[in-house]
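Please read the structure below before turning to the comments.
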Protein chains: 2
Amino acid sequence: MGTVRERPPARSTTRTVRATSRPSADDTRGRILAAALDLFSERSFEGATTREIAVRAGVTQPLLNYHFHGKEELWRAAIDSLFDRLTTVLDTRLTGLRGVDERTVTELVVREFVLFSAANPQLHRIITQECKADGPRIDWLVETHIRPLYDAMADRLRRLSEAGLAPAVPPAHLYYILTGAAATMFVLAPECRRLSGVDPSDPAVAEQHADAVLSLLFGTGNHSGHKEL
Amino acid sequence: MGTVRERPPARSTTRTVRATSRPSADDTRGRILAAALDLFSERSFEGATTREIAVRAGVTQPLLNYHFHGKEELWRAAIDSLFDRLTTVLDTRLTGLRGVDERTVTELVVREFVLFSAANPQLHRIITQECKADGPRIDWLVETHIRPLYDAMADRLRRLSEAGLAPAVPPAHLYYILTGAAATMFVLAPECRRLSGVDPSDPAVAEQHADAVLSLLFGTGNHSGHKEL
DNA sequence: CGGCAGCCTATTCGATTGATCAGTCCTTGC
DNA sequence: GCAAGGACTGATCAATCGAATAGGCTGCCG
């Protein structure tokens, strides 16, 4: 356990296309990571078995220990890939909005966050998972991935609040009201389908939800799509 | 497995006080249920082990199979006890508000729900857990416990919306915005402590959060406790 | 063309899981 | 008092977990 083995090539970032007939290690790693993300978010860290991850990825179980060293490193790698997608989406949105007033930028970022939560409910599911245990994995998760996002969003909310452009609520409360309102419908999608008949996996529903969240928290939202059920 | 055994006395509702020196079976059942609720919410159904539940309850592991028939029935019994507490709290609040205008009643019910979520984060944690798997347990959970609560709250929100006393947002969206905004801070309490320094287990923080939720969703809340961080 | 490194599989290990069974202790009813 | 039975424990079961080991296959490089 304490012994550090040499890790596989791990050409993670620059996914070089390898046009050989031999099975590509990058493709395999990608399939394993996608399967791991699904199963870790569905069954939690302890509940997900490496065998089932391997089956869903179409490989054998010892291969997970070949590419990643143990269940824990596989978990971290899967989380990394998920947060990479999120930060990429948010960063490209932000760089495309240079010069726009801060209120509008915040609304568009929030909308982007709602749509990402709808398309990737695994994010909040895994965070919720690890928050319950309050162990070393939530430490890593917060310090590695969540804190930069929180700091940026809390600063943004505080500036808007002080300028009277957002509700006068302490940033921490506003942050959790915002993320909770944005993500809960998609995290609880199976419940929502059974209770209300609304299917959160429908992109139109996600847009409606983004409108609703923005209209409630910022007073201005596109209500065009709203219909009473 | 398919054989149905005779179940223990199960004097669940009317907890008759047994003033004997013998260890009370009801007390033992209660301790097991409390421990099960904690561990099921912390580690999920598959992740929680019956041995650890037994250790936390101060009993041996075979006793869980004596009082409850298998892990699944123990899980259901633990959920029952949690929802019994919630419906009791909400019902007594509602019966004490007969004759009050509906807007005020709704606000006070929402406040009660926020405070319950703060004191019992296991509720949303378990619902989130089971929603991920989308299996038979979420079926049971929705039909047995959640649907009555949802129907009552959705009806209430729809009436208020149509009267112009609540945001004009479809009830399903409003419901998940409300419950998400109310509960997420407490579900993610360990993350919140690390990120912001705010401790959601502090009752004063729970009151602040109830104020914030009400002021954002209904425009009126007691802002007396709000302070910028 | 021969070795060699990279990618992957079959097999198996010790540990741990939920569940069962036999048996003990103690209270209660008669 | 004494049989009956409820409450509980120790020991153990087969199943399954994550991980380790050894070996096979393929395609490139000298």
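All heavy atoms count here, side chains included; hydrogens, waters and symmetry mates do not. Just so it is clear, the model here is predicted, and its values are computed rather than measured. Reminder, nothing fancy here: chain letters follow the sequence lines and each chain counts from 1.
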Just how far, in rounded Å, is [atom2] of [N] from [atom1] of [X]?
X: Lys71(B); N: dG18(C); atom1: NZ; atom2: C1'; value: 7 Å
X: Trp75(A); N: dG18(D); atom1: CH2; atom2: P; value: 16 Å
X: Asp26(B); N: dG6(D); atom1: CG; atom2: C1'; value: 13 Å
X: Asp27(B); N: dC8(D); atom1: CG; atom2: P; value: 10 Å
X: Asn65(B); N: dT20(C); atom1: CG; atom2: P; value: 6 Å
X: His67(A); N: dC7(C); atom1: NE2; atom2: P; value: 7 Å
X: Gln61(B); N: dC8(D); atom1: CD; atom2: C1'; value: 13 Å

According to a strict under-4.0 Å criterion, is [X] in side-chain N/O contact with OP1 or OP2 of [N]?
X: Tyr66(B); N: dA7(D); result: yes
X: Thr28(B); N: dC8(D); result: yes
X: Thr50(A); N: dG18(D); result: yes

Legend entry - Nearest non-hydrogen partners of Tyr150(A) and Ser196(B), listed with the distance: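 Nearest pair, atom of Tyr150(A) first, then Ser196(B): OH-CB, 3.1 Å.
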
Legend entry - Selection from dA11(D), dG6(C), dA19(C) that lies nearest to any side-chain heavy atom of Arg51(B):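 Of the options given, the side chain of Arg51(B) lies nearest dA19(C).
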
Legend entry - Proximity to the side chain of Pro62(B) - top-ranked nucleotide from dC21(C), dC8(D), dT9(C):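 The listed nucleotide nearest to Pro62(B)'s side chain is dC21(C).
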
Inset, instruction - Just call it for Ala48(A): base, sugar-phosphate, or nothing, with non-hydrogen atoms closer than 4.0 Å on any strand. - result: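 Contact class for Ala48(A): sugar-phosphate only.
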
Inset, instruction - With Arg137(A) as the cation and Phe45(A) as the aromatic partner, state whether NZ or CZ is under 6.0 Å from the six-membered ring centre and within 45° of the axis. - result: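 Yes, Arg137(A) lies over the aromatic ring of Phe45(A).
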
Inset, instruction - Could you tell me whether the side chains of Asp211(B) and His173(A) share a donor-acceptor contact shorter than 3.5 Å? - result: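 Judged by distance alone, the side chains do not pair up.
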
Legend entry - His124(B)-Ser117(B) side chain donor-acceptor pair, cut-off 3.5 Å: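 Indeed, the side chains of His124(B) and Ser117(B) share at least one donor-acceptor pair under 3.5 Å.
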
